[in-house]
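Structure, as structure tokens:
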Amino acid sequence: MYLIDNLHPAPATPCVATIGFFDGVHRGHQYLIRQVQAEAQRRGIDTCVVTFAEHPRRTLAADFQPRLLTTLDEKLGQLAANGVDRCCVLRFDREMAALDAHSFMEQYLRNRLHTEALIVGYDHRFGAGREEGFAHYARYGRQLGIDVERARPFEAAGVTVSSSATRRFLEAGNVEMAALCLGRPYGLSGTVAHGHEVGRTLGFPTANVVPATADKIVPAGGVYAARCTTGGQCYDAMVNIGTRPTFEGDGRLSLEAHLFGFAGDLYGHTIRVDFVARLREERRFASPDELRRQLETDAREAQTRLRSCGK
């Protein structure tokens with residue numbers, strides 16, 4: 001995939017483009033990309049996804065805290081994996097925020113990217129204040145020599161797949177439905193840091209994972225079956241997200257992963273956690289022994305769930 005940014009200009013040849021933040025590059029986005037690819041193939045030209053390095057709302061509201069499904073690098077990786085030919089990554093600033101849709105289409109889509117056709121997401125709006133809609137884009141396209149079409153939405157299990165729907169599933173701990181929306185398990189990457197090391201005393205040593213960015217969503221508290229990748233190796237795992245209510249603590253949220261079959265030191269290592277299924281909510285136990293017995297049950301269930309869904 002050819003990356004277009006301030007250092008790398010767009011090729012002079014035409015393209016079929018679409019525009020959006022593309023957080024998650026979920027199955028709805030993938031369906032949109034396939035529609036762009038079909039039109040590009042019909043015309044014999046490249047596809048181009050226009051996206052943004054940071055969430056546009058961060059420019060408009062300094063205190064806005066994104067709850068992202070993908071980092072920029074993850075998003076670009078998914079776009080490339082879905083066969084996009086070109087990706088233009090824009091820096092959304094106040095000058096760009098002030099552009100109406102016509103000006104944006106003229107300056108960026110036509111003049112910079114040589115867009116021949118634009119496929120607009122079924123519910124996507126762009127331009128200052130997002131006040132204009134598809135009818136405006138189609139009219140501006142006729143003025144600018146850009147064919148504008150509206151994409152069809154994608155549904156799975158009766159849900160119209162979107163980034164906001166996927167976030168809601170994760171916030172509820174429903175990682176299975178989030179995976180159905182994404183077309184893959186939801187994952188977080190981070191660094192292993194020293195924690196309270198209580199799990200070791202219970203026979204379940206854990207890696208205390210500090211997420212690489214505060215911008216990505218951490219699923220709801222609870223115990224999960226997961227797969228953890230570190231040092232090029234993938235391990236079945238069970239993961240606890242929560243505040244350790246059985247023990248006296250500071251109430252801060254932690255993400256602790258027990259890797260089945262792993263023996264070694266992970267401190268300072270990078271690890272990726274892909275969530276497969278939620279086993280139960282986090283809860284307080286009367287004693288460490290009661291918690292240990294529950295962890296033994298959790299471990300058996302996690303391994304069963306992971307075997308049933310394959311690698």
Side-chain angles (χ1 to χ4, degrees), residues 168-180 184-214 216-311:
R168 287 194 296 271
F169 287 129
L170 290 171
E171 288 163 353
N174 193 342
V175 295
E176 295 96 330
M177 279 300 295
L180 183 68
R184 62 188 185 278
Y186 176 71
L188 279 171
S189 293
T191 303
V192 179
H194 286 277
H196 298 279
E197 300 186 6
V198 172
R200 190 178 304 278
T201 67
L202 300 174
F204 291 92
T206 59
N208 179 40
V209 182
V210 179
T213 173
K216 282 197 68 171
I217 291 177
V218 176
V223 179
Y224 295 85
R227 290 199 168 94
C228 293
T229 304
T230 184
Q233 296 292 318
C234 182
Y235 299 87
D236 288 351
M238 67 175 180
V239 172
N240 184 81
I241 297 173
T243 58
R244 303 170 57 253
T246 302
F247 303 94
E248 293 295 328
D250 52 19
R252 287 189 297 181
L253 194 72
S254 65
L255 191 161
E256 298 175 277
H258 173 73
L259 281 58
F260 299 118
F262 178 84
D265 183 355
L266 285 173
Y267 293 123
H269 289 235
T270 299
I271 189 168
R272 179 176 175 85
V273 181
D274 289 299
F275 297 90
V276 175
R278 192 180 195 219
L279 306 180
R280 62 174 175 86
E281 295 181 351
E282 186 184 49
R283 63 178 186 268
R284 186 180 186 279
F285 292 89
S287 68
D289 280 344
E290 184 180 342
L291 172 57
R292 184 180 64 252
R293 289 192 294 272
Q294 180 61 54
L295 290 175
E296 291 169 351
T297 299
D298 293 338
R300 289 192 295 271
E301 184 178 355
Q303 291 170 309
T304 298
R305 296 288 290 275
L306 291 164
R307 280 196 300 270
S308 69
C309 66
K311 287 290 185 184

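In this chain, residues are counted from 1 in sequence order.
With sequence neighbours excluded, the residues forming a side-chain hydrogen bond (donor to acceptor under 3.5 Å, both in side chains) with Asp289 are Arg292, listed by chain and number. In this structure, the side chain to side chain contact (heavy atoms under 4.5 Å, CB included) partners of Arg300, at least two apart in sequence or on a different chain, are Glu296, Thr297. For Glu281, the side-chain hydrogen bond (donor to acceptor under 3.5 Å, both in side chains) test picks out no residue, with sequence neighbours left out. Contacts of Phe275 classified as ring-ring contact (aromatic ring centres under 6.0 Å, His included), with partners at least two apart in sequence or in another chain: Tyr224. For Phe262, the ring-ring contact (aromatic ring centres under 6.0 Å, His included) test picks out Tyr235, with sequence neighbours left out. Here Ala193 pairs with Asn208, Val210 under the side chain to side chain contact (heavy atoms under 4.5 Å, CB included) rule; sequence neighbours left out. By the side-chain hydrogen bond (donor to acceptor under 3.5 Å, both in side chains) test, Asn240 is found to be paired with Glu282, residues two or more places apart in sequence or in another chain being considered. Under the side chain to side chain contact (heavy atoms under 4.5 Å, CB included) criterion, Ala257 pairs with Cys228, Val239, Leu259, sequence neighbours left out. For Arg168, there are no salt bridge (charged side-chain N to carboxylate O under 4.0 Å, His left out) partners at least two apart in sequence or on another chain. Scored by the side chain to side chain contact (heavy atoms under 4.5 Å, CB included) test, Glu290 finds Phe285, Ala286, Ser287, Arg293 as partners (sequence neighbours excluded).
At least one donor-acceptor pair closer than 3.5 Å links the side chain of Arg227 to the backbone N or O of Leu306. Panel note: side chain Lys216, backbone Gly187; a donor-acceptor pair is recorded below 3.5 Å. Of the possible donor and acceptor atoms, none in the side chain of Arg278 sits under 3.5 Å from a partner among the backbone N and O of Ala220.
The CD atom of Gln303 lies 11.0 Å from the CG atom of Asp298; values are rounded to the nearest 0.5 Å. To the nearest 0.5 Å, the span separating CD1 on Ile217 from OH on Tyr186 amounts to 5.5 Å. Expressed to the nearest 0.5 Å, how far OG1 of Thr206 lies from CG of Leu266 amounts to 10.5 Å.
Looking at Gln294 and Arg280, their side chains come closer than 4.5 Å, going by heavy atoms from C-beta outward. At a threshold of 4.5 Å between non-hydrogen side-chain atoms, the residues Met238 and Arg305 do not count as touching.
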- Kindly indicate, with the supporting measurements, whether the criterion side-chain contact (heavy atoms from CB on, under 4.5 Å) is fulfilled by Leu255 and Val273. CA-CA 10 Å; Leu255 191 161; Val273 181; 4.3 Å; yes

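Between His269 and Tyr267, a ring centre-to-centre spacing not shorter than 6.0 Å is recorded.
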